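Every value quoted in this text rests on a predicted model; they were computed, and no experiment measured them. Chain naming here is simple, since letters A, B, ... match the order of the sequence lines and numbering starts at 1 in each.
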Amino acid sequence: MAQFQSYNKLLISAEEGIENYGLNGKILGWQFRCQYPSYRGTYLSCIHSMEVYLDGERVPDGDILFYLNGKEFLLSEFPDLYKEYWFILDKAVVRVQKDGGLPAGSSHRLLVKMKHLIPYTGYFGNYLVLDGSNEKMLTVAEKEEAVL
Amino acid sequence: MAIKRGVSLYSYQQEQFFGRMTWKDMFREVKEDLHCDGIEIIDEATIHGYPFLSEQFVFDWHNELARYGLKAVTMDVYLDPMQFRDHVMNHDEAAERLKNDIVIASRLGFSNVRCLCLVPIDVIEKALPTAEKYNVRIGKEIHMPFPINAGHRRTSYDGPGSIPVNVNMCTEIMELADRTGSKHVGLVPDMGIFQDRPSQVRIDYELRHAKNPESIYFIIDNRTKMDPNELYAKYRERYAPDILDPMTLNSLAMTDSCADPEELREVVPYIVSIHGKFYNMTEIEGEPGHYEDKAIDYRRPFEVLKEEGYEGYIDSEFEGQRDQQDRGEEYLVDEVEQVRRHHEMMTRLIGK
């Protein structure tokens, strides 16, 4: 079946790209923004996995903080977040904790892969899991500190 | 009185997603270009904050409805049995979800909620008192490959991997309505049940992606020549392992429509609204400015609906964009134009 391939490009928002984030002048890591790729949103519990790769290297899940609906989540919390709804037009902020962030002006290949189940399917015990991915070359923004 | 026209904002999903149209822009299009007043939404695709409703959204919603003189007809609600990761939702939980959706629909002024074919009848019955209390009708969708009539001949593959079709679905709903005397439960026929051939955009999509395009032609060429289960067996035998999953196969291999227009007659009194499903509106040869979807029969069902005195809404539900989203943005179909063509056709078929 056709699987919203065009929508996958919004898994990484080109508009904001990669930005460093921090507090009081100290850079704590880098971030990008991400939209859910379908015609309706999802409960976070239905996202089976979200993988982030920078320049070909997998970012450990434990380094990632996911911001949505004014809250902060770990990827490992997703299975429990069955009341946390990701509206299709809302961009989540994905933060990767890394002291010093990434050099401003440097270019990187960012890849995001997401497996998400379609929770109204469930035929004979099987359900539909969609596989989305998006890759972009992005330049780290020059500004010092990004805010949510 | 006559059949009334409306639009499911689902039709403009790409426009919304890529930030070219908000729901307010869609309202304006419905009123000012299509000159009709019916609005249908998928709750969670339009309501920011779903499953919670903010006062701000409620105010904004009613304000825009009033601004254009529109009517909130049907709110399409889902049921996500797999929402919880530690268990499959039970029927009580499913009913609670439906009740919550009914309350949301009521606050937004909707007359109906549409629930999916696979929602069990006892879940609907559990939610019925809430529907009565809030004066919102529950309409169960009759969606291909579900038939209206349990005795309808098989028109698509129904073996392992296909959707489990409850052929008694419509009967169960009508019995529930009759037994309880409730006017708050009924049906939402989707015009896709009158689709009798695969849509060209569907075929083109599969041809672009098939490892062996000949396998797609095999399905198209043989779909009316053999029983669907036999066709699937032969197809699998010839082309495995590079074969389509059964549900995708069914989108190409229907031997005929899963319902006959005549069968509409018995369900008309139970219809709460209708989904005007379509995939690809093209100009009718020799009739400039007139459009049709070659894969779906609209003419005969409209005749039956008019004869039976149906005066409710038919809301356009464009779904052909999905088969054209696998390439660059330049290939995306113009949803606004497709819906305008659909309304040209509906206006013409409704007549005076």
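Within a 6.0 Å sphere centred on NZ of Lys83(A), heavy atoms belonging to other residues, nucleotides or ligands number 12 at most. Annotation for Tyr82(A): atom OH does not count as buried by contact number, only 12 or fewer foreign heavy atoms lying within 6.0 Å. For Lys115(A), the NZ atom counts as loosely surrounded, since its 6.0 Å shell holds 12 or fewer non-hydrogen atoms of other residues, nucleotides or ligands. Taking a 6.0 Å sphere around CD of Glu329(B), one finds it holds more than 12 heavy atoms contributed by other residues, nucleotides or ligands.
The minimum heavy-atom distance between Tyr43(A) and Tyr50(B), with the atom names listed, is OH-CE2, 3.7 Å. Smallest separation of non-hydrogen atoms from Tyr7(A) and Gln325(B): OH-NE2, 3.3 Å. Looking at every heavy atom in both residues, Ile47(A) comes nearest to Arg85(B) through O-NH1, 3.5 Å. When every heavy atom of Pro119(A) is checked against every heavy atom of Pro81(B), the shortest pair comes out as O-CD, 3.0 Å.
Residues from residues 59-66 of chain A never place a non-hydrogen atom less than 4.5 Å from a non-hydrogen atom of chain B. Scanning residues 40-47 of chain B against chain A with a 4.5 Å non-hydrogen threshold yields Ile42(B), Glu44(B), Ala45(B), Thr46(B), Ile47(B), sorted by number.
Using a 4.5 Å cut-off between heavy atoms, Tyr331(B) does not touch chain A at all. Only the side chain of Asp90(A) comes within contact range of chain B, judged by heavy atoms closer than 4.5 Å. With a 4.5 angstrom heavy-atom cutoff, Leu116(B) touches chain A only via side-chain atoms. Leu117(A) touches chain B through its side chain: at least one heavy atom from C-beta onward sits under 4.5 Å away, while N, CA, C and O do not.
Remark: the backbone N or O of Phe84(B) is not paired with any side-chain donor or acceptor of Ser45(A) at under 3.5 angstrom.
Distance check, rounded to the nearest 0.5 Å: SG of Cys115(B) to OH of Tyr120(A) gives 14.0 Å. One distance of note links CZ of Phe18(B) with NZ of Lys9(A); it measures 5.0 Å at 0.5 Å rounding. Remark: Leu81(A) CG to Gln83(B) CD distance equals 11.5 Å, nearest 0.5 Å. Here Leu89(A) contributes atom CG and Gln16(B) contributes atom CD; the two are 4.5 Å apart, rounded to the nearest 0.5 Å. Distance CD1/Ile88(A) to CD/Gln13(B): 8.5 Å, rounded to 0.5 Å.
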Check against salt bridge (Lys or Arg N to Asp or Glu O under 4.0 Å), Arg40(A) and Asp76(B): CA-CA 11 Å; Arg40(A) 63 177 200 138; Asp76(B) 297 355; over 6 Å; no
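When each of Cys46(A), Pro79(A), Gly41(A) is scored by its heavy-atom pairs under 4.5 Å with chain B, the top score falls to Pro79(A). Put simply, of Asp326(B), Leu244(B), Val119(B), Val88(B), the one with the most heavy-atom pairs under 4.5 Å next to chain A is Asp326(B).
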